[in-house]
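Predicted, not measured: the structure shown is a model, and the values here were computed from it. Only this structure's heavy atoms are used, side chains among them; waters, hydrogens and symmetry mates stay out.
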Amino acid sequence: MNSDEDALVQRIRRDLADSHDEELELELEDRNLDELSGNPLDTASYKESRRQYFRELFRMQAELVKLQDWVVKTGHKVVILFEGRDAAGKGGVIKRITQRLNPRVCRVAALPAPNAREQTQWYFQRYVSHLPGAGEIVLFDRSWYNRAGVERVMGFCSDEQYEEFFRSVPEFEKMLVRSGIQLIKYWFSISDDEQQLRFLGRIHDPLKQWKLSPMDLESRRRWEEYTKAKEIMLARTHIPEAPWWVVQADDKKKARLNCIHHLLGQIPYGEIEHPAIVLPPRERHEDYVRQPVSEEILVPDVY
């Protein structure tokens with residue numbers, strides 16, 4: 001193995017370790033991260049960069065909780081679109097945004113391919129049902145911009161449908177904004193080499209192989225076609241009421257922090273005063289006896 005191949009293998013291993021550590025972190029309440037990673041690839045500078053990353057992530061997640069409280073209190077309505085190439089990191093930033101938030105307030109809409117009935121509907125119809133009411137935030141993990149990207153490149157729509165989309169989408173989004181919805185659109189941009197590396201990481205990670213669909217593999221082959229479609233989309237749908245914001249995402253951690261930091265700056269939230277929470281005393285009654293649980297329905301203590 002030459003030095004370039006060795007560096008590639010080391011990069012993939014480090015990326016997998018990062019991913020697994022962060023999935024572990026999603027389950028941890030303990031914020032002492034000094035011993036989080038047992039990765040033998042770690043250096044002192046690498047560990048310090050991870051500590052800084054988590055420190056900033058936790059700080060901004062606390063701000064997202066304040067933003068959520070403000071949205072509920074004021075009845076604000078927010079829609080955030082996440083678009084970008086396959087493996088660009090959209091899911092990762094969505095996961096970090098929603099991690100500490102109330103799913104009844106902040107929810108994710110990740111729609112599958114349209115079924116036979118939906119294909120006969122007005123194109124935007126199936127997205128409208130997912131729009132927020134007062135005091136709600138909706139994050140679209142891909143959106144109506146599928147028509148300008150994958151549908152165009154893969155031939156899933158006609159030229160007429162494609163052009164009608166560009167005629168309709170500015171008016172559709174202006175209507176959303178006039179109705180009181182704040183619409184924020186992000187495009188996650190990664191390089192050719194970085195996408196290849198991430199696809200290789202998914203191939204070698206059994207926990208992520210499900211993410212590699214035939215469509216993902218085809219998008220890799222048609223890199224240039226997707227680039228042209230993206231450039232046309234940004235040029236024709238960047239409107240003052242709902243501009244596009246491009247996130248440079250070759251570094252996944254920086255992309256997450258930059259996107260969340262930018263998002264916090266787009267919404268004029270403030271801290272909401274809450275009354276002090278006092279835990280009431282438990283009522284006790286002399287005639288109450290807790291009944292034992294039948295052994296037949298107990299989950300076995302395997303661990």
Side-chain angles (χ1 to χ4, degrees), residues 1-26 37 39-43 45-46 49-50 53 81-96 110 112-113 140-143 145-156 185-235 244-260:
M1 183 180 297
N2 61 41
S3 59
D4 289 342
E5 291 173 337
D6 183 67
L8 178 61
V9 170
Q10 292 296 317
R11 171 67 193 280
I12 293 174
R13 288 178 58 200
R14 186 183 292 260
D15 195 59
L16 293 178
D18 276 349
S19 174
H20 292 163
D21 282 351
E22 291 211 4
E23 293 303 319
L24 173 63
E25 185 273 329
L26 292 174
S37 174
N39 179 11
L41 296 173
D42 281 349
T43 62
S45 61
Y46 181 62
S49 70
R50 285 179 59 76
Y53 164 73
L81 308 187
F82 292 88
E83 294 287 346
R85 292 189 185 274
D86 294 313
K90 301 178 297 296
V93 73
I94 290 171
K95 188 180 295 183
R96 272 73 193 179
F140 279 90
D141 186 354
R142 296 200 181 278
S143 66
Y145 282 99
N146 277 339
R147 175 137 294 176
V150 62
E151 291 191 20
R152 175 61 171 176
V153 173
M154 300 302 297
F156 296 155
K185 304 186 300 194
Y186 289 113
W187 173 271
F188 280 69
S189 178
I190 58 171
S191 65
D192 188 345
D193 291 341
E194 184 63 22
Q195 187 189 53
Q196 180 179 2
L197 182 66
R198 293 183 189 180
F199 277 171
L200 288 173
R202 290 180 178 183
I203 289 171
H204 293 285
D205 183 356
L207 299 181
K208 289 187 175 182
Q209 285 178 3
W210 64 269
K211 291 186 175 184
L212 276 176
S213 69
M215 203 68 66
D216 295 331
L217 299 176
E218 186 64 17
S219 74
R220 181 65 194 153
R221 188 175 72 85
R222 302 194 187 200
W223 172 273
E224 292 182 2
E225 293 178 61
Y226 271 94
T227 299
K228 294 175 184 177
K230 178 259 295 185
E231 291 169 349
I232 293 170
M233 182 194 77
L234 294 182
W244 278 103
W245 300 100
V246 177
V247 180
Q248 299 295 342
D250 272 6
D251 186 314
K252 288 187 289 189
K253 289 187 174 63
K254 288 182 179 179
R256 292 168 191 159
L257 296 181
N258 288 332
C259 183
I260 297 173

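Within the 4.5 Å cutoff, the side chain of Arg152 has no heavy atoms near those of the Tyr226 side chain. Between Phe188 and Val93 the shortest side-chain heavy-atom distance falls below 4.5 Å. Looking at heavy atoms from C-beta onward, Arg220 lies in side-chain contact with Asp192 at the 4.5 angstrom threshold. Within the 4.5 Å cutoff, the side chain of Arg198 has heavy atoms near those of the Ile190 side chain. Taking 4.5 Å as the limit, every side-chain heavy atom of Lys254 sits out of range of all side-chain heavy atoms of Gln248. Using a 4.5 Å cut-off on side-chain heavy atoms (C-beta onward), Lys253 and Arg50 make contact.
Checked by atom type and distance alone, the side chain of Arg222 pairs as donor or acceptor with a backbone atom of Val153 at under 3.5 Å. No donor-acceptor pair under 3.5 Å is formed between the side chain of Asn258 and the backbone N or O of Val247.
The shortest heavy-atom contact between Asp250 and Ser191 is OD1-N, 2.9 Å. Taking every heavy atom of both residues into account, Ala88 and Ala249 meet most closely at O-CB, 3.4 Å. Taking both residues in full, the closest heavy atoms of His204 and Pro206 are given as O-CD, 3.6 Å, listed atom of the first, atom of the second, then distance. Across every non-hydrogen atom of Arg202 and Ala87, the tightest pair is NH2-CA, 3.5 Å.
Between Tyr145 and Trp244, the two ring planes are perpendicular [angle over 60°; tilted spans 30° to 60°].
In this structure, CZ in Arg85 is found 3.5 Å from OG1 in Thr227, a value given to the nearest 0.5 Å. Atom-to-atom distance recorded for Ile94:CD1 and Phe140:CZ is 11.0 Å, nearest 0.5 angstrom. Rounding to the nearest 0.5 Å gives a distance of 8.5 Å between NZ of Lys185 and OG of Ser143.
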Set out, in order, the CA-CA distance, both residues' side-chain angles and the distance that settles side chain to side chain contact (heavy atoms under 4.5 Å, CB included) for Phe199 and Lys211, then state yes or no. CA-CA 9 Å; Phe199 277 171; Lys211 291 186 175 184; over 6 Å; no
Please report the C-alpha distance between Tyr186 and Lys90 in whole Å, then the side-chain angles of each, then the deciding distance to 0.1 Å, and finally whether the side chain to side chain contact (heavy atoms under 4.5 Å, CB included) criterion is met. CA-CA 9 Å; Tyr186 289 113; Lys90 301 178 297 296; over 6 Å; no
Steps toward salt bridge (charged side-chain N to carboxylate O under 4.0 Å, His left out) verdict (Arg142, Asp86): CA-CA 11 Å; Arg142 296 200 181 278; Asp86 294 313; 2.9 Å; yes
Trace of the side-chain hydrogen bond (donor to acceptor under 3.5 Å, both in side chains) decision for Asp216 with Ser219: CA-CA 5 Å; Asp216 295 331; Ser219 74; 5.0 Å; no
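When each of Glu218, Glu224, Glu225 is paired with Arg221, the side chain to side chain donor-acceptor pair (under 3.5 Å) condition holds for Glu218 and for no other.
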